[in-house]
Amino acid sequence: MNRRKFFFLSSSTAGAILLSQCSSATTKQAQSEKLRLSSRRLSSQGGQLDIALNAGYGDINLAGRQAQLYSYNGQVPGPVLEAQPGDSVRIQFSNNLPEATNLHYHGLHVSPTGNADNVFLEIPSGEQLTYEFTIPQNHPAGTFWYHPHLHGLVAKQVSWGMGGLFIVRGELDQIPEIEAAQEELLVIQDFGLDSGGQVITPHPMEQMHGREGQLITINGKVNPTLSIPSGGLLRLRIANASPSRFYRLSLEEHPFYLIATEGGSISEPVEQQELLLTPGQRVEVLVPGEREPGEYRLLNQPYNRGSMGMMGGGMMGRGMMGRGMMGRGRMGRGQTNDSGNVEVLATLRYNGQVEPLPLPKRLIPVDALPEPETTRRFTFSHGMAPGQGMVFLINGKTFDHQRIDTQVQLNTVEDWELVNTGMMDHPIHLHTNHFQVIDRNGQPEPYRAWRDTVLVPVGGTVRIRVRFTDFPGKTVYHCHILDHEDLGMMGTIEMLS
Ligand code: C2O
Ligand code: CU
Ligand code: CU
């Protein structure tokens, strides 16, 4: 990174520190910092994905330094699991963490019961469990991911490094233009580390806002390099695997052509200048190499997701405002992305030349769902509970795994109105079944897409439509700011056959 760009970007001291860190990392490592996660790929063979995953705690090389993290198979991010529709999956999971954990397969349409995608399982420290499920024959191709889901520990364990991609390859991957594109996987994580490489325990106020770390990595690296030949086509699968941070991505002088959202392909590519990725969300985009050869930065633009600070004189007593929120308090540190800095997450470098590759015109059709049989309303808010402090609520209640909040009938269609009456944005996620966004604040969604997570901004109402299919049983929906989920913003849903 040259000096001009460096100064252009340092709009504050915090930004300057961040950027001086990544500029030194860039010059040293630019050559070797390839993004590739392919060496970490564990793929299915003959219809079987049969692997061992070991959750452990120890030294990890992260962005050129040692950090003490939680990981899967000693890797941050974890290995890339890859399967096809119809495959059976068998994961021999060992928990070598000093605490309990479990696994969730975020976005997969598989059974939420038994030893499948069951978030109510708890695997104590030192124990093992074999997860087993089948990916349906008609499962969409897409970019999914796995991470721990033990209520109360999710934000911690994800912020300590746990998470990995789960890719289902299918129809979308067979479209010739997409097959010809060069695929790169981008897992974005953030870490709050002290000088010894230990993860910093967030202040309670930071937790309420949703913890954010100052070190942002893609595939465990700071500002890695992606290369593209002139005329080439890059296919990026991007996952936000951070506990709370939003990423508002743009690539200098290059639009993104969106081809897939969380639930897989959209009907045709949609040109976007920016991609807003909330925690839990994934996108797939195509980037044509059609600019002057050179280097272009993948930037993270500021985004204000609301804050506890806004609650100052309101629901919070003055007594709770204290030092933590003021001055150099941790609250301030936790909001860098809210405070106007642009950060460089990766660099795209032109390298070589190929015959220009075209963009696909059509992808996989996304059919409209029929009109709903039932409409429900979910209100997301927060408040004070005696003896508990701040709690996060859905329809006025905090999570209770023994209570059934929502009962639905398999093979019916429902509309859910998601209403945010709080002071912070909430990205809302539903397990097991994908949904379509119908409208946001009454504005019809511009294109149809399958999703599993949708942003419900402060004061906003989002209407989603979902058909419950295939799998009876109990699972959850929740805010994917994982601290909010751990602090109660989660409900249970039972799907009845
Ligand atoms: Cu990504 Cu319920 O989780
Ligand atoms: Cu999930
Ligand atoms: Cu939230």
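Both counts, for ligands and for their atoms, begin at 1 and track the order of listing.
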Taking the basic N atoms (NZ, or NE/NH1/NH2) and the acidic carboxylate oxygens, is any pair closer than 4.0 Å for [X] and [Y]?
X: R211; Y: D190; result: no
X: E414; Y: R467; result: no
X: E183; Y: R235; result: yes

Exercise for review: Quick one: do Y131 and N118 satisfy side chain to side chain donor-acceptor pair (under 3.5 Å)? Show the steps, please.
Suggested key: CA-CA 9 Å; Y131 281 96; N118 184 347; over 6 Å; no

Check your understanding: With no hydrogens and no angle check, do the side chains of Y70 and T101 hold a donor and an acceptor under 3.5 Å apart?
Key -> no

Exercise for review: Answer yes if the side chains of R237 and T143 hold a donor-acceptor pair under 3.5 Å, and no otherwise.
Suggested key: yes

Practice item. Of all N, O or S atoms in H106, identify the one at the shortest distance from atom 1 (Cu) of ligand 1. Key: ND1

Study note, to complete from the structure: To atom 1 (Cu) of ligand 1, the closest N, O or S atom belonging to H480 is NE2

Exercise for review: Kindly indicate, with the supporting measurements, whether the criterion ring-ring contact (aromatic ring centres under 6.0 Å, His included) is fulfilled by H109 and F471.
Suggested key: CA-CA 8 Å; H109 179 59; F471 304 108; 4.8 Å; yes

Review point. Pick one: which of V454, L418, L455 meets side-chain contact (heavy atoms from CB on, under 4.5 Å) with V437?
Key: V454

Exercise for review: Would you mind naming the N, O or S atom of H149 nearest to atom 2 (Cu) of ligand 1?
Suggested key: NE2

Practice item. May I ask you to check if any N/O/S atom from H147 comes under 2.8 Å of atom 1 (Cu) of ligand 1? Key: yes

Review point. Around the Cu ion (ligand 2), how many protein N, O or S atoms are closer than 2.8 Å?
Key: 2

Check your understanding: Of all the atoms in H429, is at least one N, O or S atom closer to atom 2 (Cu) of ligand 1 than 2.8 Å?
Key -> no

